[in-house]
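Heads up, the thing below is written out as structure tokens.
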Protein chains: 2
Amino acid sequence: MTDKQVPDVVVGRLPLYLRTLKQLQTEGRRVISSAQLAKLLHLNPAQIRKDLSMFGEFGRQGVGYTIPDLIAQLERILHVDRTWEMIVVGAGALGQALVNYPGFEINGFRIAAIYDNDPAKIGKPIGRFIVRDVQYMPEDVRSHGWRIGILAVPEAAAQAVAEQMVSAGIRAILCYAPTVLTLPGNVQVQYIDPIVHLQHMAFYLEETD
Amino acid sequence: MTDKQVPDVVVGRLPLYLRTLKQLQTEGRRVISSAQLAKLLHLNPAQIRKDLSMFGEFGRQGVGYTIPDLIAQLERILHVDRTWEMIVVGAGALGQALVNYPGFEINGFRIAAIYDNDPAKIGKPIGRFIVRDVQYMPEDVRSHGWRIGILAVPEAAAQAVAEQMVSAGIRAILCYAPTVLTLPGNVQVQYIDPIVHLQHMAFYLEETD
DNA sequence: AGGATGTTGTGCTTATTTTCCCAATATGAC
DNA sequence: GTCATATTGGGAAAATAAGCACAACATCCT
């Protein structure tokens, strides 16, 4: 199903390349070498070249990569040479912060609706939206053909809500709930849990204080 | 510097084990096998056993792992058998959501202060805090001996603020700014950027719609 | 025109990570 | 007590990922 020609770890680095290249472009840079990009990302230059070479020959020997071209290539490869509409389920503090985050639109991800099941929140304005009853979510997703959902509900609700999203047609879920979802293999899931990162770092901290 | 005896990928999985074990404990479970835990996490049981065996022999052959014991061991290994105080720098929508997130305290990470450089925000209440001028941050960090910081400032400010945090004594940074920080090797950094995850998933989405 | 320098793409090597497999041990049924 | 079943820990193998090194090519300087 997924393109096993390209390792997932490689796909995972492409957004980092793209992000840095866009940054460089705003600074007016036109060309960059794998060595320079590697330095900014703290990676090995050969790794960057090899990653990119899996999709084509984008550089020029002796010169490097033309930044606008490489950005266009990466956006095409990642399917972000378009705008993806997304839903947010969960209108708590996190859901509100997400709705107000300008980074999504800048990068071609546009929030299209936000849902909750709490009568106290349904109907209330958040950013440019009115919170909708989550019971209308499946219908909305189906009628609009939305494919991406952000899950910002409590852990206890996450699995059930995720299943509803998937059965309505959602195929990629960004899960902020601190739990592992069990979903069909053709559904992409990525997790964001700050506690996991903090505990990971705490391992390396001295037991002082 | 970092304990290369234990691969970082292994350390990165321990918080997931811990999270799931705590979940099981609240459900009243006392014992679990690597096979059962692996199923919940969608991992290979041998991987879980090998990861754990790097730190000791915590299981009983023929039986499995005693959940409360394993939780205690993992908390000790990860240095989260204590409470870590943290600072948040950046009092925008994200900073506010972080301050109000109950998950930190539940897991032994307590926000101790929040800072911003915007006069319109300094002095305003957020959750149980008053936003402090970031110019007091280094002094506060030094005097309290804080080691962990959450960076929730715009990309343009991230590197400079991170350097100030480090020179004040911060040794672990959870970075929400969409950029790679360049810091001394003895400083732990973890990144959270939803765009990176969304682009990663978009790679696998069909170009329909 | 030619040499010095810089850079890519990739074959091959090395390193790391994952998985297989099984001896050793535990539990429960009869 | 013995057998069937369940499970760990870890050596060995397999799979995956990262990095080296170099031919090929580009640019610039003189």
Side-chain angles (χ1 to χ4, degrees), chain A residues 2-17 20-21 24 29-74 77 180 200 203, chain B residues 1-17 20-21 24 29-74 77 180 185 200 203:
Chain A
T2 53
D3 192 3
K4 265 301 146 198
Q5 187 69 9
V6 179
D8 189 64
V9 280
V10 173
V11 177
R13 281 189 294 264
L14 301 184
L16 303 176
Y17 302 161
T20 304
L21 290 165
L24 289 164
R29 290 285 305 272
R30 293 283 303 177
V31 173
I32 193 166
S33 68
S34 62
Q36 294 168 320
L37 188 55
K39 191 168 184 189
L40 292 172
L41 288 162
H42 305 150
L43 298 175
N44 183 298
Q47 181 169 65
I48 293 177
R49 292 199 300 276
K50 185 154 279 183
D51 286 352
L52 295 175
S53 75
M54 305 203 76
F55 302 96
E57 306 197 356
F58 306 134
R60 288 180 64 209
Q61 289 180 335
V63 181
Y65 300 89
T66 306
I67 291 174
D69 290 357
L70 191 49
I71 288 172
Q73 291 289 350
L74 287 171
I77 293 162
V180 174
H200 187 156
F203 174 85
Chain B
M1 180 106 308
T2 53
D3 193 3
K4 265 300 144 198
Q5 189 67 7
V6 179
D8 189 65
V9 280
V10 173
V11 177
R13 281 189 294 264
L14 300 184
L16 303 175
Y17 302 161
T20 304
L21 290 164
L24 289 162
R29 290 286 304 273
R30 293 283 302 176
V31 174
I32 193 165
S33 68
S34 61
Q36 293 168 320
L37 188 54
K39 190 167 184 188
L40 293 173
L41 288 161
H42 306 146
L43 298 175
N44 184 300
Q47 182 169 63
I48 293 177
R49 292 200 302 275
K50 183 145 281 188
D51 285 353
L52 296 175
S53 74
M54 305 203 75
F55 302 96
E57 306 197 356
F58 306 134
R60 289 179 64 208
Q61 290 179 336
V63 181
Y65 300 87
T66 306
I67 291 174
D69 291 357
L70 191 49
I71 288 173
Q73 291 289 352
L74 287 171
I77 292 163
V180 174
H200 188 156
F203 175 84

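Labels below follow one simple rule: chain letters A, B, ... track the order of the sequence lines, proteins then strands, and each chain is numbered from 1. What you see is a predicted model; the values in this text were computed from it and never measured.
- Comparing V9(A) and Q61(A) by the nucleotide of DNA chain D whose heavy atom lies nearest to each, the residue mapping closer to the 5' end is V9(A).
- As a whole-Å value, the separation of I48(B) CD1 from dT7(D) P is 13 Å.
- Contact annotation: R60(A) does not reach the phosphate of dG6(C) (side-chain N/O to OP1 or OP2, under 4.0 Å).
- Side-chain N/O atoms of K50(A) and base N/O atoms of dG19(D) include a donor-acceptor pair closer than 3.5 Å.
- We find that CG of L52(B) is positioned 16 Å from P of dT7(D), with the value rounded to whole Å.
- Whole-Å rounding puts the Q47(A) CD to dA17(D) C1' distance at 8 Å.
- Between dC20(C) and N44(B), a contact under 4.0 Å exists linking OP1 or OP2 to a side-chain N or O.
- Here the side chains of R13(A) and I48(A) are not in contact, with every heavy-atom distance at 4.5 Å or above.
- Here dC25(D) presents its C1' atom at 12 Å from CD of E57(A), a figure rounded to the nearest Å.
- Atom CZ of R30(B) is surrounded by 12 or fewer heavy atoms from other residues, nucleotides or ligands within 6.0 Å.
- Considering L16(A), D69(A), I32(A) as possible partners of L21(A), the one that fulfils the side-chain contact (heavy atoms from CB on, under 4.5 Å) test is I32(A).
- Side-chain nitrogen and oxygen atoms of R13(A) include none within less than 4.0 Å of the OP1 or OP2 phosphate oxygen of dA17(D).
- Looking only at side-chain heavy atoms (C-beta outward), L37(B) and Y65(B) stay at 4.5 Å or farther from each other.
- Residues S33(B) and L43(A) both approach DNA chain D. Their nearest nucleotides, taken by heavy-atom distance, put S33(B) toward the 5′ side.
- Of the listed nucleotides (dA26(C), dA21(D), dT27(D)), dT27(D) has the atom at the smallest distance from the side chain of V63(A).
- Taking atom CG of residue D51(B) and atom C1' of nucleotide dT19(C), one finds them 12 Å apart after rounding to whole Å.
- Atom CZ of F58(B) and atom P of dT7(D) are 20 Å apart (whole Å).
- Between F55(A) atom CZ and dT10(C) atom C1' there is a gap of 16 Å when expressed in whole angstrom units.
- Taking atom CZ on R49(B) and atom C1' on dG11(D), their separation rounds to 13 Å, with Å as the unit.
- Minimum atom distance to the side chain of P7(A) is reached by dA17(D), of the listed dA21(D), dA17(D), dG9(D).
- Between S53(A) and G62(A), the residue whose closest nucleotide on DNA chain C is further toward the 5' end is G62(A).
- Contact annotation: Y65(A) does not reach the phosphate of dG6(C) (side-chain N/O to OP1 or OP2, under 4.0 Å).
- Side-chain atoms of Q36(B) come within 3.5 Å of backbone N or O of S33(B) as a donor-acceptor pair.
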